[in-house]
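Below is one structure, written out as structure tokens; comments come after it.
Position 1 is the first residue of the sequence, and the numbers go up from there. No experiment lies behind these values; they were computed from the predicted model shown.
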Amino acid sequence: RDHLDSLPEGLWTKCTKCGEIIFSKELEKNLKVCSKCGNHFRLSAAERIAITVDEGTFEEINKELISIDPFNFPKYKEQLEKDTQKTGMNDGMLAGTAKINGIPVVIAVADFSFRGGSMGSVYGEKVSRAFEKGIENNCPVIIINTSGGARMQEGILSLMQMAKTSAAAAKFNQSGLLYISVLTDPTTAGVLASFAMLADVIIAEPDALIAFTGQRVAAQAQVVQTPPGYQKSEFQYERGMIDIISARKDIKDTITKVITFASYGGDNGA
């Protein structure tokens, strides 16, 4: 242990689930999945894009949208600036057009490092516009989710995004196009209670936290005892709330199979 402590910072990573000390470069090669216990570490939006779409095909849309401070919430502007510098993003949702194994798609990916993936006005607008872009391009929409819920600093404006994104998903559904939602750790609260669960096919990573309310808050509110692991993806899958559990290394092929099954395919899309 003393020997490990003396090594340069960042050379090793400790698994948050099993405690295994992992060589950081090996962890990166394994897509940030622990080789001992299978724990899926969180990825940035850019990392998600890199492992999901064909190289060089992603083109960002609506990059100009920037969060503001509508209610002069204390320190909110400073927090936004800090997260922008940390992530290189204007908000916690990255959206664009791309190809997945040659199939044109619109893809939106959340980043937990930006305000905990919380959904504010820009986040919700990017999701809604992703659905609109899918209709315009006549192609599937893929949304990869991670979120702590609605962004309290934007008050009622953040809560309104639940209705707006749900309406956009409903309009997209009426077009007859395919919507795939991917739930990663964690996907909770307002995002889970709106567009994230309205997809035609819902995929989740193994052992992901999927819940409307966090465990500590849920424990305070419960009047009955909850079963073990009830907020994990495996529990949700067994009860039909999730359609597929896919390991990270398989996610691109899993999405491709779903799209192909839904009668999409080839370079020309639908």
Side-chain angles (χ1 to χ4, degrees), residues 10 12-58 87 89 92-96 98-103 105-114 116-117 140-148 178-188 191-192 196-197 199-211 229 231-238 241-261:
W12 299 89
T13 302
K14 183 177 180 180
C15 178
T16 54
K17 185 177 180 181
C18 70
E20 180 78 358
I21 304 298
I22 312 165
F23 190 40
S24 295
K25 287 187 177 180
E26 290 300 319
L27 184 63
E28 293 285 345
K29 286 182 181 179
N30 204 34
L31 306 181
K32 291 190 176 179
V33 176
C34 176
S35 56
K36 181 178 181 180
C37 70
N39 178 35
H40 284 51
F41 287 70
R42 291 172 185 164
L43 296 179
S44 69
E47 289 171 328
R48 292 275 179 197
I49 291 291
I51 68 170
T52 307
V53 309
D54 299 346
E55 186 176 356
T57 64
F58 180 76
T87 65
M89 299 171 61
M93 179 62 72
L94 177 67
K99 289 185 178 181
I100 297 179
N101 284 326
I103 304 171
V105 301
V106 172
I107 185 167
V109 184
D111 195 319
F112 197 81
S113 296
F114 197 108
V141 168
I142 319 297
I143 301 183
I144 302 179
N145 298 286
T146 178
S147 178
L178 176 67
Y179 166 32
I180 300 174
S181 176
V182 181
L183 311 181
T184 72
D185 184 74
T187 302
T188 65
V191 167
L192 185 74
M197 294 299 289
D200 299 296
V201 178
I202 300 174
I203 303 170
E205 286 193 332
D207 201 41
L209 176 64
I210 299 168
Q231 294 182 321
K232 292 294 185 175
S233 51
E234 288 76 11
F235 186 95
Q236 306 291 346
Y237 172 75
E238 290 171 0
M241 297 298 291
I242 291 169
D243 300 301
I244 302 168
I245 294 180
S246 177
R248 184 170 293 165
K249 65 182 178 62
D250 300 324
I251 192 65
K252 184 175 183 178
D253 288 339
T254 299
I255 291 173
T256 302
K257 289 176 183 177
V258 171
I259 297 174
T260 303
F261 182 78

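- Between the side chain of Glu26 and the backbone N or O of Phe23, no donor-acceptor pair lies under 3.5 Å.
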> Should Val106 and Ile142 be marked as a side chain to side chain contact (heavy atoms under 4.5 Å, CB included) after you check the CA-CA gap, both sets of side-chain angles, and the distance that decides it?
Replying inline: CA-CA 6 Å; Val106 172; Ile142 319 297; over 6 Å; no

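- In this structure, NZ on Lys32 lies 12.5 Å from CG on Asn39, to the nearest 0.5 angstrom.
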> Passes side chain to side chain contact (heavy atoms under 4.5 Å, CB included), Ile103 versus Ile255? Steps please.
Replying inline: CA-CA 10 Å; Ile103 304 171; Ile255 291 173; over 6 Å; no

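- The two residues Thr87 and Phe114 come nearest to each other via the heavy atoms OG1-CD1, 3.5 Å.
- Taking every heavy atom of both residues into account, Asp111 and Met89 meet most closely at OD2-SD, 3.5 Å.
- Remark: Ile107 CD1 to Leu94 CG distance equals 9.0 Å, nearest 0.5 Å.
- In Tyr237, the OH atom is not crowded: 12 or fewer heavy atoms of neighbouring residues, nucleotides or ligands sit closer than 6.0 Å.
- In this structure a side-chain-to-backbone donor-acceptor pair under 3.5 Å is present from Asp200 to Tyr179.
- Across all non-hydrogen atoms, the minimal contact from Ile22 to Cys15 is CD1-CB, 4.1 Å.
- Under the 3.5 Å distance criterion, the side-chain polar atoms of His40 are left unmatched by any main-chain donor or acceptor of Ala208.
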>> Set out, in order, the CA-CA distance, both residues' side-chain angles and the distance that settles side chain to side chain contact (heavy atoms under 4.5 Å, CB included) for Ile203 and Ile242, then state yes or no.
In response: CA-CA 6 Å; Ile203 303 170; Ile242 291 169; over 6 Å; no

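- Here the CZ atom belonging to Phe58 is positioned 14.5 Å from the CZ atom belonging to Arg48, to the nearest 0.5 angstrom.
- Side-chain contact check for Asn145 and Ser181: at least one donor-acceptor pair (N or O, by modelled atom type) lies under 3.5 Å.
- Between the side chains of Asp185 and Thr146, no donor-acceptor pair is found at a separation under 3.5 Å.
- In this structure, the separation between CD on Glu55 and CD1 on Ile49 is 13.0 Å, given to the nearest 0.5 Å.
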> How far apart are the C-alpha atoms of Asp253 and Asn101, what are their side-chain angles, what is the distance that settles it, and do they pass the side chain to side chain contact (heavy atoms under 4.5 Å, CB included) test?
Replying inline: CA-CA 8 Å; Asp253 288 339; Asn101 284 326; 3.5 Å; yes

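- At least one side-chain heavy atom of Leu43 sits less than 4.5 Å from a side-chain heavy atom of Ile51.
- A 4.5 Å side-chain heavy-atom check between Pro186 and Arg42 finds at least one atom pair inside the cut-off.
- At a threshold of 4.0 Å, the pair Lys14-Glu20 does not count as salt-bridged, since none of the basic side-chain nitrogens sits closer than that to a carboxylate oxygen.
- Judged by distance alone, the side chain of Ser233 and the main-chain N or O of Glu205 form a donor-acceptor pair under 3.5 Å.
- Proximity of a side-chain donor or acceptor of Thr57 to a complementary backbone N or O of Lys99 within less than 3.5 Å is detected.
- When all heavy atoms of Cys37 and Cys18 are compared, the pair lying nearest together is SG-SG, 3.7 Å.
- Contact between Leu27 and Cys34 at its shortest, heavy atoms only, is CD1-N, 4.2 Å.
- The two residues Ile180 and Ala199 have their closest heavy-atom pair at C-CB, 4.1 Å.
- Considering OG of Ser147 and CG of Leu192, their distance stands at 9.0 Å, rounded to 0.5 Å.
- For the atom pair OG1 of Thr256 and CG of Asp54, the computed distance is 8.0 Å after rounding to the nearest 0.5 Å.
- Ion pairing between Lys232 and Asp207 holds under the 4.0 Å rule for side-chain N and carboxylate O.
- Within the 4.5 Å cutoff, the side chain of Ile244 has heavy atoms near those of the Thr254 side chain.
- Residues Thr13 and Ser24 bring a donor and an acceptor atom of their side chains to less than 3.5 Å of each other.
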